[in-house]
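For clarity, every value in this text was computed on a predicted model and none was experimentally measured.
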Amino acid sequence: MAGIIRSTIAGRNTVVLLANRSVDLTCFRCASSNRVKRIKKPEITNRDANQTKAAAMRAELEEQSALYAGKRFESVAQSLSARGYLRAIKPYTPPENVSEQVLTIAKENKLNDRKQPLGRMEQKFAFLSACGKAFGHWVPNSMLHELQTVDDAVVFYQTPIDTRLPLDALSSVELPENLYIQQEYIRFHPETDTMFGGKSAFPKSSTVVTGLKYKQKYRGHEAKKSWP
């Protein structure tokens, strides 16, 4: 009888423990479900509107790239034309029919499409060499990779190159009536300026010519000093 009572009590304790555990598991499930956030469903967008917008963006990008390709070599030609004077480059004045001559040379070298890229290096070398001999004006090494089509060569040989000094270039410009530029400036020298007995208004000032080019054009004068 005592054994039956003990087993009954032990069974009740087990049931209580299992009940407590089931409650704990239920609470754990509730807590875990509260921590997990539900994923929001993506909103359904207008597919046709997106495709139309993407097509418009692609068309605008192609238009900008075409515009850049057209102005790419023009900017290079302008920089070559406006590059600094005193550079190791010869002046060049394009002839009137430069475009026709370049196209004729291109046809002789089997380049019939003006906008087609120059493919083979041998063909490009023969074409540019013939243009250089015809015009007496050669493409610099730094610009060989820029000439990719026949049109690029036409723009290059249509660009004049002026290597004169800015002061010398003003002699060919029509100036306003109230502006005058003295191209040949005057330097004092006691041997040539003898109106006042070879004396200068600035007796202690020397006129020194330092440039090798202008030493042949102007004479320098070192004034005498009364003190060291």
Side-chain angles (χ1 to χ4, degrees), residues 60-187 209-220:
E60 183 179 0
L61 182 61
E62 292 177 357
E63 183 179 359
Q64 291 180 357
S65 61
L67 183 64
Y68 173 76
K71 293 185 177 180
R72 173 183 56 81
F73 194 77
E74 292 182 3
S75 61
V76 176
Q78 291 177 1
S79 64
L80 177 65
S81 178
R83 70 167 45 184
Y85 53 90
L86 302 181
R87 293 292 185 99
I89 189 170
K90 295 181 180 179
Y92 169 71
T93 303
E96 296 180 357
N97 59 342
V98 59
S99 179
E100 290 77 3
Q101 294 186 28
V102 172
L103 295 178
T104 301
I105 296 173
K107 291 181 180 179
E108 293 176 356
N109 289 270
K110 299 179 180 180
L111 297 172
N112 297 322
D113 192 352
R114 300 178 55 173
K115 299 184 180 299
Q116 183 179 2
L118 303 175
R120 296 184 294 109
M121 300 300 295
E122 297 82 1
Q123 190 178 23
K124 180 177 180 180
F125 175 78
F127 169 61
L128 295 180
S129 298
C131 291
K133 294 178 181 178
F135 298 102
H137 179 48
W138 303 84
V139 181
N141 293 335
S142 59
M143 293 187 61
L144 286 174
H145 68 285
E146 296 288 345
L147 271 73
Q148 299 179 2
T149 62
V150 177
D151 282 342
D152 293 343
V154 172
V155 175
F156 176 80
Y157 283 102
Q158 285 179 343
T159 305
I161 298 177
D162 191 359
T163 58
R164 296 178 298 173
L165 294 172
L167 182 61
D168 297 335
L170 288 175
S171 60
S172 59
V173 177
E174 185 177 356
L175 301 175
E177 296 181 357
N178 60 345
L179 178 61
Y180 174 75
I181 297 177
Q182 186 175 355
Q183 299 288 338
E184 301 293 335
Y185 51 89
I186 300 173
R187 282 181 175 269
V209 183
T210 57
L212 297 177
K213 177 181 179 181
Y214 289 98
K215 277 186 176 180
Q216 301 176 0
K217 189 174 182 179
Y218 303 104
R219 297 179 59 184

Review point. Are the side chains of P91 and T163 in touch, meaning some heavy atoms are under 4.5 Å apart?
Key: yes
Study note, to complete from the structure: Taken to the nearest 0.5 Å, the spacing of H137 NE2 from K90 NZ works out to 11.0 Å
Check your understanding: Between atom CZ of R120 and atom NZ of K110, what is the distance when rounded to the nearest 0.5 Å?
Key -> 8.5 Å
**Study point:** Interatomic distance, L111 atom CG to L118 atom CG [nearest 0.5 angstrom]
**Key:** 6.0 Å
Only pairs under 3.5 Å count here: list side-chain donor-acceptor contacts from residues 94-107, not counting sequence neighbours, and write none if there are none.
{"from": "N97", "atom 1": "OD1", "to": "Q101", "atom 2": "NE2", "distance (Å)": "2.8"}
{"from": "T104", "atom 1": "OG1", "to": "E100", "atom 2": "O", "distance (Å)": "2.8"}

Practice item. Taking Y157 for its side chain and D152 for its backbone only, find out whether a donor-acceptor pair lies under 3.5 Å. Key: no
**Study point:** side chain to side chain contact (heavy atoms under 4.5 Å, CB included) evaluation trace for K124 with N109
**Key:** CA-CA 9 Å; K124 180 177 180 180; N109 289 270; over 6 Å; no
Exercise for review: Tell me, yes or no, whether the heavy-atom count around L212 atom CG, taken from other residues, nucleotides or ligands under 6.0 Å, exceeds 12.
Suggested key: no
Check your understanding: Quick one: OH on Y92 to OG1 on T159, what's the gap to the nearest 0.5 Å?
Key -> 8.5 Å
Review point. Just wondering, more than 12 heavy atoms not from Q182 lying within 6.0 Å of its CD?
Key: yes
Exercise for review: Please name all residues satisfying side-chain hydrogen bond (donor to acceptor under 3.5 Å, both in side chains) with S172, sequence neighbours left out, ordered by chain then number.
Suggested key: R164
Point to revise | Value rounded to 0.5 Å, distance of CG in L179 from CD in E174 | key: 12.0 Å
Point to revise | Option passing side-chain contact (heavy atoms from CB on, under 4.5 Å) with D151 (candidates T149, L147, V155) | key: T149
Exercise for review: With the side chain counted from C-beta on, respond yes when E146 and F156 share a heavy-atom pair under 4.5 Å apart, and no when they do not.
Suggested key: no
Revision key, fill the gap. Between the CE atom in M143 and the CH2 atom in W138, the distance rounded to the nearest 0.5 Å is 16.0 Å
